[in-house]
Amino acid sequence: MLTLIKAHGSGNQFFLLDQNQLTQPLTINALTRLARQLCHPQTGLLGGADGLLVIASSTIPDCLGAMRVFNADGSEAKMCGNGLRTVSRYLAEKTGKSRFRITTLEANLNVTRSANLAPNVPAFSVQIAPISMAAMDLPLAYHQLPELLNVPIPEFAAHQTFTAIAVPNPHLISFVDQISLDTLGELGQRLNAPNSYFPEGVNVSFAKILGPNRLFVQTYERGVGFTNACGTGMSATSLAFAMQHPTQFDPTSDLTVLNPGGLVKTHVTLGKTVATSTLRLIGNATFTAKVTLTEKDLRTGSFAQAHIDTTNEEAAYQTFIHHAKQTVL
Ligand SMILES: N[C@H](CCC[C@H](N)C(=O)O)C(=O)O
């Protein structure tokens, strides 16, 4: 038997699979198929999820594991900020460590257990890196511009400016007075269609500035669609906020970033270049259920015999968010 964990970071839902439990690792094709099967909102497990996080061993010194990210549509992503917090918790509990690194596709990232946000609401602080605005790192094909920083782009949306940042997965960010889900949804779908300005797709975030170091961010995610929260999206948006709204950015304290699924904190340090800036994402790592099933059923995508143990953490998280939103707004 093996265990899948259903988890979320700020309402961004994932299944965690530690490949070390398997007789042999699943191939990329099998992981792509499994992500689609597990995450499907109707036919998946537990109402589906936004992605599948695959944990494997790492050979890098002081890295306790490696994380790969598969979106609900099966596409692989370079990074997942909310997911990294849940993987950090999994590895912290597996090893008893509270400060270590995790290998991701383009960086070995520092993670640290933080103080619980409330009783039964564990939290982690994770590094988000590498950071780039170079069109080739997104990749972006828009009128040969070397980067997008606060650029009006009528083809994307009227009367809006856009910033593109890779952390290292690709993000397109626009600060708006009011968030139009229709505009965001149409743009998200259009820029993730074949032959768009973003040949590998892009996560699109609209952000509302609520006050100094306080944002609300809604993201349309590549490979998923609208989600409760996008960790890398909120991190990239925090960096864009620091660059574009310096009078409202206090570098000495965290930002509070609200989202439909709750809230996170981010910390931004602005370097001389974007590549020398740093980002940290701090927030909950909630395990909502543990799923036990045979390796055979996992490999065949047969979940009828899976045994579900629901935890009591979701109620604790909702209580925390209810109180937190009252204090932050
Ligand atoms: N959809 C994203 C991956 C998941 C990232 C998001 N869930 C996060 O927390 O960062 C992408 O394709 O780049």
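Given the structure is predicted, the values throughout are model-derived calculations rather than measurements. Atoms within each ligand, like the ligands themselves, are counted from 1 in listed order.
For atom 7 (N) of ligand 1, the nearest protein heavy atom (residue, atom name, distance) is N12 OD1, 2.9 Å. Looking only at heavy atoms of the protein, atom 2 (C) of ligand 1 is closest to N203 OD1, 3.3 Å. In this structure, the protein non-hydrogen atom closest to atom 10 (O) of ligand 1 is T232 OG1, 2.5 Å.
To the nearest 0.5 angstrom, M133 atom CE is 10.0 Å from L140 atom CG. Annotation: the span from L109 atom CG to F100 atom CZ amounts to 11.5 Å, rounded to 0.5 Å. Atom-to-atom distance recorded for E155:CD and L191:CG is 10.5 Å, nearest 0.5 angstrom. How far OG1 of T256 is from CD1 of I282: 9.5 Å, rounded to the nearest 0.5 Å. The CG atom of L91 sits 10.5 Å away from the CE atom of M67 when rounded to the nearest 0.5 Å.
Of the candidates K78, E200, E221, the one placing a heavy atom closest to atom 5 (C) of ligand 1 is E221. Nearest to atom 9 (O) of ligand 1 by heavy-atom distance, out of G231, A72, S235, G51, is G231.
Y142 has its ring centre less than 6.0 Å from the ring centre of F156.
The distance from ligand 1 to the heavy atoms of A77 drops below 4.0 Å at these ligand atoms: 3 (C), 11 (C), 12 (O), 13 (O). Less than 4.0 angstrom separates some heavy atom of M79 from each of these atoms of ligand 1: 3 (C), 4 (C), 5 (C). The ligand atoms of ligand 1 that sit less than 4.0 angstrom from a heavy atom of N71 are 1 (N), 2 (C), 3 (C), 4 (C), 11 (C), 12 (O). Annotation for ligand 1: atoms under 4.0 Å from non-hydrogen atoms of C230 are 6 (C), 8 (C), 9 (O), 10 (O).
Panel note: side chain R36, backbone D73; a donor-acceptor pair is recorded below 3.5 Å.
The shortest N or O to N or O distance between G81 and ligand 1 is under 3.5 Å.
At least one heavy atom of C80 sits closer than 4.0 Å to an atom of ligand 1.
Here the side chains of V257 and T237 are not in contact, with every heavy-atom distance at 4.5 Å or above.
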